[in-house]
Asks: 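So that we are looking at the same thing, I have put the structure below in structure tokens.
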Amino acid sequence: LISVRTTAVTGVEGQRFDFRCVYPDDCQSNAKYFCYDNDDNVSSNPLIRTDKHNQWERNGRFSLYDNITGAFFIVRVDKLLSEDSGTYRCGVDVSSHPDHISFIQLNVSKANPAEHLTRYKFHLPLYLTAVMCVAAILCVCLFTLCLLLAVKHRRSGPHLNREV
């Protein structure tokens with residue numbers, strides 16, 4: 001193996017999870033893959049594999065985006081399951097040498113019901129701005145209505161005949 005680095009990450013069950021796998025600059029044109037680590041050094045059954053660059057590749061709940069400018073690829077897992085916990089391999093296929101590998105230790109935690117409520121909590125400054133805008137519009141409308149009523153009342157009042 002050229003590189004053996006393990007990164008521990010945590011995701012929440014039911015949510016989407018993204019993480020980056022970094023590779024050497026000279027591997028930008030190589031195929032990238034992501035697989036469950038079953039203690040062998042062969043990536044015979046990757047969860048997702050692509051030789052495309054700068055575009056998303058999708059396979060079921062797994063997606064991969066190879067950013068060749070930054071020399072990393074993003075692996076996305078949709079709707080994490082508790083069974084997704086385990087060790088994975090980010091790999092770069094190097095034909096003449098052993099693959100460039102990094103390990104990901106994914107721990108999936110149970111979703112906290114309170115976290116779902118906070119996701120929809122309103123943003124206070126934005127809420128106050130919206131309330132102030134609505135109040136200002138109502139004040140302008142009320143002022144316009146009062147002005148129109150005053151003009152109408154003045155025109156419909158008694159007309160005095162003035163002589164010079």
Side-chain angles (χ1 to χ4, degrees), residues 5-23 25 27-36 46-92 102-164:
R5 191 182 89 184
T6 302
T7 304
V9 293
T10 302
V12 178
E13 189 176 37
Q15 294 186 1
R16 184 178 81 188
F17 188 73
D18 293 351
F19 53 93
R20 288 168 39 143
C21 301
V22 179
Y23 56 83
D25 288 336
C27 293
Q28 292 170 328
S29 61
N30 300 52
K32 315 304 185 298
Y33 61 89
F34 180 72
C35 61
Y36 194 76
L47 296 165
I48 189 162
R49 178 184 177 86
T50 188
D51 55 1
K52 297 177 184 172
H53 311 292
N54 297 320
Q55 64 182 3
W56 283 101
E57 181 75 19
R58 186 176 177 93
N59 183 23
R61 292 185 305 121
F62 297 91
S63 303
L64 191 149
Y65 181 89
D66 183 16
N67 182 330
I68 60 171
T69 307
F72 65 88
F73 61 95
I74 300 170
V75 175
R76 174 174 289 166
V77 184
D78 291 328
K79 298 179 184 172
L80 279 175
L81 305 171
S82 59
E83 306 89 74
D84 290 331
S85 290
T87 304
Y88 294 86
R89 260 188 278 155
C90 292
V92 178
S102 56
F103 291 92
I104 304 292
Q105 176 62 47
L106 174 61
N107 298 309
V108 179
S109 63
K110 293 281 185 193
N112 183 353
E115 289 178 9
H116 294 296
L117 296 176
T118 57
R119 187 187 319 170
Y120 301 109
K121 188 165 64 171
F122 62 88
H123 189 256
L124 187 60
L126 184 61
Y127 178 75
L128 289 176
T129 302
V131 168
M132 295 297 285
C133 287
V134 169
I137 291 171
L138 287 175
C139 286
V140 168
C141 290
L142 185 60
F143 177 76
T144 304
L145 182 63
C146 289
L147 190 61
L148 287 173
L149 288 174
V151 168
K152 184 177 180 183
H153 179 69
R154 178 178 255 185
R155 286 186 181 169
S156 64
H159 293 286
L160 298 175
N161 194 4
R162 295 185 190 176
E163 290 183 22
V164 182

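Predicted model only: the values in this text are computed from it and were never measured.
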Asks: About how many Å separate CG of D18 and OH of Y65, when rounded to the nearest 0.5 Å?
Replies: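 Spacing of OH (Y65) from CG (D18) equals 13.0 Å.
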
Asks: Suppose we screen for side chain to side chain donor-acceptor pair (under 3.5 Å). Which residues come up paired with T87, at least two apart in sequence or across chains?
Replies: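 In terms of side chain to side chain donor-acceptor pair (under 3.5 Å), with neighbours along the sequence ignored, T87 is linked to Q105.
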
Asks: Would you kindly say whether Y23 and D66 are connected by a side-chain donor-acceptor distance under 3.5 Å?
Replies: yes

Asks: With I104, which residues qualify under side-chain contact (heavy atoms from CB on, under 4.5 Å), at least two apart?
Replies: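 For I104 the side-chain contact (heavy atoms from CB on, under 4.5 Å) partners, ignoring immediate neighbours, are T7, V9, F19, Y88, C90.
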
Asks: My understanding is that only residues two or more places apart in sequence, or in another chain, count here; which of them pass side chain to side chain donor-acceptor pair (under 3.5 Å) with K79?
Replies: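 K79: no side chain to side chain donor-acceptor pair (under 3.5 Å) contacts found.
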
Asks: How far does CZ of R49 sit from SG of C35, to the nearest 0.5 angstrom?
Replies: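 Separation between the atoms: 10.0 Å.
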
Asks: Donor-acceptor pair, distance only, cut-off 3.5 Å: does the side chain of S85 make one with the backbone of V108?
Replies: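 Indeed, once roles are kept as given, a pair shorter than 3.5 Å links the two residues.
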
Asks: If you round to the nearest 0.5 Å, how far is CG of L64 from NZ of K52?
Replies: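 With rounding to 0.5 Å, NZ (K52) is 11.5 Å from CG (L64).
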
Asks: Give the minimum heavy-atom separation between P46 and Y33, together with the two atoms involved.
Replies: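 Closest approach of P46 to Y33: CB-CB, 4.1 Å.
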
Asks: Excluding sequence neighbours, so at least two apart, what forms side-chain contact (heavy atoms from CB on, under 4.5 Å) with D78?
Replies: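 Scan of D78 (side-chain contact (heavy atoms from CB on, under 4.5 Å), adjacent residues dropped) gives R16, R58, R61, R76.
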
Asks: Quick one: are V75 and C21 in side-chain contact, heavy atoms under 4.5 Å?
Replies: yes

Asks: What distance separates E13 CD from L80 CG, expressed to the nearest 0.5 Å?
Replies: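 One finds 8.5 Å between CD of E13 and CG of L80.
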
Asks: Report the C-alpha separation of S109 and T10 in whole Å, then their side-chain angles, then the decisive distance to 0.1 Å, and conclude whether the side-chain contact (heavy atoms from CB on, under 4.5 Å) test is met.
Replies: CA-CA 7 Å; S109 63; T10 302; 4.3 Å; yes

Asks: So, taking the atom named CD1 in I74 and the one named CZ in F34, what distance separates them when rounded to the nearest 0.5 Å?
Replies: 13.0 Å

Asks: CZ/R20 to CZ/F72 distance, rounded to the nearest 0.5 angstrom?
Replies: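 Going from the CZ atom of R20 to the CZ atom of F72 covers 4.0 Å.
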
Asks: Could you point out which residue of D25, N54, N30 forms a side chain to side chain contact (heavy atoms under 4.5 Å, CB included) with I68?
Replies: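 The passing option is N54.
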
Asks: Give the table of side-chain donor-acceptor pairs shorter than 3.5 Å for residues 132-147, with sequence neighbours excluded, one pair per line with atom names and distance.
Replies:
residue: T144; atom: OG1; partner: V140; partner atom: O; Å: 2.8

Asks: Only counting residues at least two apart or in another chain, list the ones meeting side chain to side chain donor-acceptor pair (under 3.5 Å) with Q28.
Replies: none

Asks: Step by step, would you call F17 with D84 a side-chain contact (heavy atoms from CB on, under 4.5 Å)?
Replies: CA-CA 11 Å; F17 188 73; D84 290 331; over 6 Å; no

